[in-house]
Amino acid sequence: MKEIRPAILMLILFTVICGGIYPAVVTGIAQAVFPKQANGSFITGKSGKELGSTLIGQPFSDPKYFWPRPSAATDFGYNPMGSGGSNSGPTNPDFIKTVKDRVKTLRDTGVTGAIPADLVLASASGLDPQISPESAMLQVARVAKARGVSEDMLVKAVAQATEGRQIGFLGEPRVNVLSLNLSLDGLK
């Protein structure tokens with residue numbers, strides 16, 4: 001009993017500290033310092049309705065929209081509950097067929113030349129909200145035709161939506177597909 005009582009007290013103490021106090025403090029700091037990020041970086045429309053998050057990819061298949069990177073969470077679409085890679089290797093016949101089908105879809109829309117990998121390969125999470133500027137530029141002709149706008153206007157929209165490297169040297173330039181498509185919907 002001498003050893004059990006202190007063990008039970010320590011269990012209770014650490015449960016209160018690690019399970020209650022610490023998360024409350026971290027949440028409070030996050031809400032005070034980074035409220036938008038702490039709440040999921042949601043984009044809201046003019047009506048106040050949440051349209052999506054800048055952190056999670058959204059499904060777009062209409063030709064008038066820029067298409068995102070494919071999702072590996074195919075059973076769930078871009079639902080974060082189904083996040084994860086396919087775990088299929090480059091020699092897996094199903095993986096090869098999936099990539100060939102994605103390439104064919106792009107070719108059927110008029111894409112010629114080399115296709116950036118991020119338009120046919122899902123990321124590890126399957127939820128990436130960004131594509132490379134090259135992938136966005138490859139889609140300009142299709143989107144311009146579907147929207148009845150000039151390609152020059154879309155090239156400028158892609159350039160404005162392109163985010164640089166983080167802190168100037170981390171990662172690669174990228175385009176958030178949801179933000180770009182919403183900006184196009186807002187143009188007249």
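Please read all numbers here as calculations on a predicted model, not as lab measurements. Sequential numbering from 1 along the given sequence is applied to the chain's residues.
- Here the shortest heavy-atom pairing between Asn92 and Asp94 reads OD1-N, 2.7 Å.
- In this structure, the side chain of Gln166 does not engage the main chain of Gly171 through any donor-acceptor pair within 3.5 Å.
- With contacts defined as side-chain heavy-atom distances shorter than 4.5 Å, the pair Pro116/Leu138 qualifies.
- Residues Thr44 and Lys49 have side chains not in contact (no heavy-atom distance under 4.5 Å, counting atoms from C-beta outward).
- Closest approach of Val99 to Val120, counting heavy atoms only: CG2-O, 4.0 Å.
- Residues Phe42 and Phe34 do not share a hydrophobic cluster, clusters being chains of Ile/Leu/Val/Met/Phe/Trp/Tyr side chains in contact below 4.5 Å.
- For the pair Ser41 (side chain) and Thr54 (backbone), a donor-acceptor distance under 3.5 Å is absent.
- The shortest distance between side-chain heavy atoms of Pro173 and Arg165 falls below 4.5 Å.
- Between Asp185 and Tyr65 there is a side-chain heavy-atom pair separated by less than 4.5 Å.
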Q: Give the C-alpha distance, both sets of side-chain angles, the deciding distance and a yes or no for salt bridge (Lys or Arg N to Asp or Glu O under 4.0 Å) between Lys156 and Asp152.
A: CA-CA 6 Å; Lys156 289 176 186 171; Asp152 288 340; over 6 Å; no
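- Cluster membership check: Val16 does not share its hydrophobic cluster with Val26, using side-chain heavy-atom separations under 4.5 Å among Ile, Leu, Val, Met, Phe, Trp and Tyr.
- Both Leu106 and Val103 are assigned to one and the same hydrophobic cluster, defined by single-linkage of ILVMFWY side chains at heavy-atom distances under 4.5 Å.
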Q: Run the numbers on Asn181 and Gln58 for side chain to side chain donor-acceptor pair (under 3.5 Å), then give the verdict.
A: CA-CA 10 Å; Asn181 285 333; Gln58 307 290 313; over 6 Å; no
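- Between Glu163 atom CD and Arg174 atom CZ the span is 4.5 Å, to the nearest 0.5 Å.
- By the 6.0 Å contact criterion, NZ on Lys36 is enclosed, its count of non-hydrogen atoms from other residues, nucleotides or ligands being greater than 12.
- Side-chain atoms of Thr27 come within 3.5 Å of backbone N or O of Pro23 as a donor-acceptor pair.
- If you take CG on Leu180 and CZ on Phe66, they are separated by 5.0 Å, rounding to the nearest 0.5 Å.
- The pair Lys104-Asp108 meets the salt-bridge criterion, with a side-chain N (NZ, NE, NH1 or NH2) lying under 4.0 Å from an Asp/Glu carboxylate O.
- Within a 6.0 Å sphere centred on CD1 of Ile4, other residues, nucleotides and ligands contribute 12 heavy atoms or fewer.
- Contact of the Leu154 side chain with the Met137 side chain is not registered, since no non-hydrogen atoms from C-beta on lie closer than 4.5 Å.
- If you take CG on Leu55 and CD on Gln37, they are separated by 8.0 Å, rounding to the nearest 0.5 Å.
- Tyr22 OH: 12 or fewer foreign heavy atoms inside a 6.0 Å radius.
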(Q) Applying side-chain contact (heavy atoms from CB on, under 4.5 Å) to Trp67 and Thr105, what does each step give before you reach the verdict? (A) CA-CA 11 Å; Trp67 295 342; Thr105 299; 4.2 Å; yes
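- Taking CG of Leu182 as the start and CG of Leu178 as the end, the distance is 4.5 Å to the nearest 0.5 Å.
- Pairing each heavy atom of Pro68 with each of Phe60, the nearest pair is CD-O, 3.7 Å.
- Between the OG1 atom in Thr91 and the CD1 atom in Ile96 there is a gap of 6.5 Å [rounded to 0.5 Å].
- Ser179 OG to Leu184 CG: the interatomic distance, rounded to the nearest 0.5 Å, is 11.0 Å.
- A salt bridge does not link Asp118 to Arg69: none of the charged side-chain nitrogens sits closer than 4.0 Å to a carboxylate oxygen.
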**Q.** Stepwise salt bridge (Lys or Arg N to Asp or Glu O under 4.0 Å) test for Arg142 and Asp62
**A.** CA-CA 10 Å; Arg142 172 184 45 83; Asp62 191 315; over 6 Å; no
Q) Can you list the steps and then say if Leu119 with Gln139 is a side-chain contact (heavy atoms from CB on, under 4.5 Å)? A) CA-CA 10 Å; Leu119 279 182; Gln139 300 181 62; 3.5 Å; yes
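- Ala122 and Arg102 get closest at one heavy-atom pair: N-NH1, 3.9 Å.
- The backbone N or O of Gln130 lies less than 3.5 Å from no partner atom in the side chain of Asn176, so there is not a single donor-acceptor pair.
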